[in-house]
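The structure under discussion appears below in the form of structure tokens.
Only a predicted model underlies this, so the values are computations on that prediction, with no experimental measurement involved. Just so it is clear, the values below take in all heavy atoms, side chains as well, and ignore hydrogens, waters and symmetry mates.
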Amino acid sequence: MDAMQGNNHDDVRRHNLSIILRLVHRGGAASRAQLTRLTGLNRSTIGALVAELVERGLVEERTPDPTKLAGRPSPIVAASDRVVAIAVNPEIDAITVGVVALSGVVHRSIRFATPTTPTVAEAVAITASIVTDLRREFGEYSIIGMGVAVPGLVRAHDGLVRNAPHLGWVDEPLCDLLAEVTGLPVVAANDASLGVTAERYFGAGQGMTDLIYLNGGSSGIGGGLVVGGVAAGGRAGYAGEFGHTRVSAGCRTDSAGIAGTLEAEVTRGALLDVLGLPAGETDADDLEGALLASTAPAVRAEVNRQVDFLAVALAGAVNILNPELIVLGGFLAALYVVDPGRLTGAVAALALGTAFDEVQIAPALLGSNLLLIGAAELAFETLLLDPQSESGNSSGLSPLSVRAAGSATAAVSPEIAPPAAIQPL
């Protein structure tokens, strides 16, 4: 857990509350004594800050195990399991909606398969229907808002989906539409940039200042960057489009019409085809299991082909960015797990030795929950910045049992009807 310096003056109480809440949210449960050491605040100040966060329902205090401690035990402070965000990830063959707690627990994950690529209107209506069912299931919980992980370019300042090519969405006000039908504050960002956030704080990248995340999904390949401890989004939030990096002289084109790119050569669809698996019903974990179990020569040949092209893109990233860690998510993680030696060796052969010597390549630790956790961080950010805000007041949180301040008026085709009731995965 990283140290964060606080301040004892009353005029920065809000700042200190933010520090405490962020520490236990991203670093996990900590004792009051640990919080005192990490922040530099005195014990009485920590006690008062924790008491206020408890009163607001944002953290809870637990009694430590006295058998494992010497001296007087210090109470354990943990982020609340009952303050949650709705997380959404639309893709070309499914809409996934989750309930993610401030504590980091994913209470619920629902993947609603769509037989055709959903329009924005259909995605909004499906999401609204699922959220209605989640409100019934989590009636006593409190919701902060909604975060959306979009497989495409999302404008940073207003969440407008500028271009999600696989979905066919161009200049779509997704956040406004979802806010209208659910009554929740909604924030959106590129899915891979949210993936690097999730892995940086909760997964393989904890404590690292320079890392790259590449996500492979049904909607293509994207990436996220942390450089010098700072998320690198670029001028308008579009940085990290590794999928459009040229890796071959081939004629296959990606969603932008560019030939020979990583996204053109390395695809989830090709893996599913060679395995004979249906797209909409197969998530990243299922795909990984199927690849590991298969002994078919055609499957191994396709894996090897894709791994070799992936290595070209990763070697270029190593030479340019000199990261500590490369995290692979989605079906890219499955490619790595099937043959980590082949991928590592191929990258090493193409990268500068001095740059690659200290680089780790690893699959995402958060698995299929990664993008949900990343999307939830969008919704939590306002609360983390200001726990005293209206959304951070336990009496001001929107209970999930309250129906949305609107109805799902978006048209849904007969082939993509929203579910009447959600069943567990």
Side-chain angles (χ1 to χ4, degrees), residues 86-98 109-134 145-155 158-194 215-222 237-238 241 243 253-257 263 267-269 272 278-283 330 371-372 375 378-379 404-422:
I86 300 294
V88 182
N89 176 218
E91 291 193 287
I92 62 172
D93 54 6
I95 307 293
T96 303
V97 181
S109 176
I110 297 155
R111 191 173 191 272
F112 181 71
T114 59
T116 59
T117 301
T119 65
V120 170
E122 289 166 342
V124 168
I126 291 168
T127 301
S129 178
I130 293 173
V131 169
T132 296
D133 282 306
L134 289 173
M146 179 183 292
V148 188
V150 179
L153 302 178
V154 181
R155 193 161 65 192
D158 61 1
L160 182 75
V161 179
R162 290 303 312 278
N163 187 20
H166 291 275
L167 295 172
W169 299 359
V170 177
D171 289 335
E172 294 286 0
L174 178 63
C175 291
D176 291 343
L177 294 172
L178 285 170
E180 181 179 355
V181 299
T182 64
L184 299 172
V186 182
V187 190
N190 172 261
D191 56 355
S193 68
L194 296 177
N215 181 65
S218 58
S219 298
I221 295 174
Y238 306 149
E241 288 297 320
T253 59
D254 62 21
S255 58
E263 189 175 281
T267 68
R268 176 175 176 267
L272 292 174
E281 300 173 17
T282 306
D283 63 18
L371 293 182
L372 295 180
L378 285 176
S407 58
T409 57
V412 181
S413 70
E415 293 80 11
I416 311 180
I422 304 302

*Given the rule in the side-chain contact (heavy atoms from CB on, under 4.5 Å) test, do Leu134 and Ile110 qualify, once you have shown the distances and angles that lead to the verdict?*
CA-CA 10 Å; Leu134 289 173; Ile110 297 155; 3.6 Å; yes
*Partners meeting side-chain contact (heavy atoms from CB on, under 4.5 Å) with Ala188 (sequence neighbours left out)*: Val148, Val150, Val154, Cys175
*Do Asp93 and Arg268 have side-chain heavy atoms sitting under 4.5 Å apart?*
yes
*For Asp254, which residues count as a side-chain hydrogen bond (donor to acceptor under 3.5 Å, both in side chains) partner, sequence neighbours excluded?*
His244, Thr261
*Identify the residue among Ile95, Thr119, Thr182, Val181 that makes a side chain to side chain contact (heavy atoms under 4.5 Å, CB included) with Val124.*
Val181
*Residues in salt bridge (Lys or Arg N to Asp or Glu O under 4.0 Å) contact with Asp158, at least two apart in sequence or another chain*: Arg155
*side chain to side chain contact (heavy atoms under 4.5 Å, CB included), paired with Leu178, selected from Val120, Val186, Val187*: Val186
_Donor-acceptor pair, distance only, cut-off 3.5 Å: does the side chain of Thr127 make one with the backbone of Ala123?_
yes
*Report the distance from atom CD1 of Ile92 to atom CG of Leu167, rounding to the nearest 0.5 Å.*
7.5 Å
*Could you tell me the separation between the CD1 atom of Ile86 and the CG atom of Leu372, rounded to the nearest 0.5 Å?*
10.5 Å
*List the atom of Ala192, the atom of Asn190, and the distance in Å for their closest heavy-atom pair.*
N-OD1, 3.0 Å
*Could you tell me the separation between the CG atom of Leu194 and the CG atom of Leu371, rounded to the nearest 0.5 Å?*
7.5 Å
*Taking the side chain as every heavy atom from C-beta outward, state whether Asp171 and Arg162 have any pair of such atoms under 4.5 Å apart.*
yes
*Would you say Asn89's side chain and Ala149's backbone share a donor-acceptor pair under 3.5 angstrom?*
yes
*Say whether Glu91 and Thr96, considering side chains only, have a donor N or O and an acceptor N or O under 3.5 Å apart.*
no
*Heavy-atom distance under 4.5 Å between the side chains of Ser129 and Phe112, does that happen here?*
no
*asked:* The criterion is side-chain hydrogen bond (donor to acceptor under 3.5 Å, both in side chains); which residues satisfy it with Glu172, sequence neighbours excluded?
replied: none
